[in-house]
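Heads up, the thing below is written out as structure tokens.
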Number of protein chains: 2
Amino acid sequence: MKRSEDTEKRIIDAALELFVRKGYHGTSISEITQKVGLSKGALYAHFSSKGELLLHIIRKFKTSFIDQMIQTVNEHKGDALAKLHSTITFSSKFALENQDLCVFLTFLTTELKADVDFEQPLKNLYRDYQKFISQLIQHGIRQGLFNRDLDPDMAALAFMALHDGVLHQWVLNRNHIDGERYVKTFRTIFMEGLKVR
Amino acid sequence: MKRSEDTEKRIIDAALELFVRKGYHGTSISEITQKVGLSKGALYAHFSSKGELLLHIIRKFKTSFIDQMIQTVNEHKGDALAKLHSTITFSSKFALENQDLCVFLTFLTTELKADVDFEQPLKNLYRDYQKFISQLIQHGIRQGLFNRDLDPDMAALAFMALHDGVLHQWVLNRNHIDGERYVKTFRTIFMEGLKVR
DNA sequence: GCCGAAATACTAACCGATTGGTATGTGATG
DNA sequence: CATCACATACCAATCGGTTAGTATTTCGGC
């Protein structure tokens, strides 16, 4: 890896860690450079603005999570139920391995939804995600696996909602929650519901 | 209503609307005073700091939502299932009537979880909420209404997660989503799950 | 009912600190 | 010697917060 690439990565990692802890506006460029051990001028040689640094992180999330998830699940042989399981497995695993990235991106919208520069890229992320899950659920309904009363788009939103919410709750309780047990509960409730059968 | 009380309310409303759109750190005192049509000095006569203004909003959420919900549901006669329905009804209704307050409070943690002044008050909110839901689910399990394999604390987290996630998704799609249909989907999935029975 | 003073609610100007961002210079590397 | 990767020093603008002073209300004594 070239030296500049390495520095770029270090900047992104530091920025991400600060952003996820203190928010985008709550984190200053000075804090980031301090964390990396770099001068301000050096950072601006790699990223033309604070916003550009953020857009880098957004793009990274799209290519490494959304795109990869869609590809992985599409390659999975099996019915809609198996594919939905595969989706949950993929996103749980990814979220566990890229905690900061996932948590930050999931809740970035709540801070920046009114921002001219970031509103559209963020909404696009969610649109792609929803479309994918919705199609999966449509398949499941056609195959007689899922409750046919469900509106696929709504159910997809509920899926993402649960996913976002799990992340949120997990952030709040990182220290005293067993991640795997939590994901298992999540999966059970989404698939089977709360009631006894 | 006294003039000062009216002004205080106007400040809080304006602050809330800006906070929910642009985040806490993304909103400046100047923006707030401009929106209210007040000078900076006047605002600081009502609230001693930006943080104090935020704490006011947090306290308002606790007394008007968490406390009210617990009281309302406790007064509700019926089994655990009916009480859980009542909880969902209460929070849906409250969220619909106090959109900015709910959305903001739900996601404030993601921006301020590392902040010395706000971390604890925010965590306390969620602790109270979770404890309440968890006890409800325990009742349901004892009454044979809910799946006895579920860990009540985990299921409570999943409930809150779904609740948070619904709000989040709803923020992202305010214009083109039917709120009631969405809540219905949420309720169905949480109670019955996705699969056909 | 009217007056004047105290209390209240506010404005305008200002503070030091910090913000995102830039211009210029320098030492190492190939 | 040219390019790269950085540091230093600086900028105007804005930040949260304060100050001194000014309208506006309120209310008891007459």
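So you know, we letter chains A, B, ... as the sequences are listed, proteins then strands, and number each from 1.
Side chain of A:Leu38, nearest nucleotide from C:dG20, D:dC6, C:dT11: D:dC6. Of the candidate nucleotides D:dC6, C:dC10, D:dG17, C:dC10 has the atom nearest to the side chain of B:Ser39. For A:Thr7, taking side-chain heavy atoms from C-beta onward, the closest of the listed nucleotides D:dG17, D:dC6, C:dG20 is D:dC6. Considering only side-chain atoms of A:His46, the nucleotide from D:dG17, C:dG20, D:dC6 that sits closest is D:dC6.
Residue A:Leu43 contributes atom CG, which lies 13 Å from atom C1' of C:dT22 at whole-angstrom precision. For the pair A:Ile32 CD1 and C:dT18 C1', the interatomic distance rounds to 15 Å; values are reported in whole Å. The interatomic distance linking B:His25 (NE2) with D:dC15 (P) rounds to 14 Å, in whole Å. Rounded to whole Å, atom P of D:dA5 lies 11 Å from atom CD1 of A:Ile11. For the pair B:Ile29 CD1 and D:dA13 P, the interatomic distance rounds to 22 Å; values are reported in whole Å. In this structure, CD of B:Glu52 is placed 16 Å from P of D:dG16, rounded to the nearest angstrom. Atom NZ in B:Lys50 sits roughly 9 Å away from atom C1' in D:dC15 (whole-Å rounding). Between the CD atom of B:Glu5 and the C1' atom of C:dA9 there is a distance of 14 Å, given to the nearest Å.
Looking at B:Glu192 and A:Asn147, their side chains never bring a donor and an acceptor atom within 3.5 Å of each other. Checking A:Asp153 against A:Ser134 by side-chain atom types alone, a donor-acceptor pair falls below 3.5 Å. Using modelled atom types, one finds a donor on one side chain and an acceptor on the other under 3.5 Å when comparing B:His168 with A:Thr109.
At C:dG21, one or more side-chain N or O atoms of A:Tyr44 fall inside 4.0 Å of OP1 or OP2 (strictly under the cut-off). Taking only side-chain nitrogens and oxygens, A:Ser28 comes nearer than 4.0 Å to OP1 or OP2 of C:dT19.
Residue-level contact check: B:Ala42 touches the bases, meaning some heavy atom is under 4.0 Å from a base atom. Within the 4.0 angstrom heavy-atom criterion, only backbone atoms of the sugar-phosphate kind lie near B:Thr27; the bases stay farther away.
Of the two residues near DNA chain C, A:Ser30 and A:Gly41, the one whose nearest nucleotide lies more 5' is A:Ser30.
Of the candidates A:Thr87, A:Thr89, A:Ile88, A:Thr87 is the only one forming a side chain to side chain contact (heavy atoms under 4.5 Å, CB included) with A:Val73. When each of A:Lys40, A:Lys22, A:Arg21 is tested with A:Glu31 by the rule salt bridge (Lys or Arg N to Asp or Glu O under 4.0 Å), just one qualifies, namely A:Lys22.
If you check distances only, the side chain of B:Lys40 does reach the base of D:dG17 with a donor-acceptor pair under 3.5 Å.
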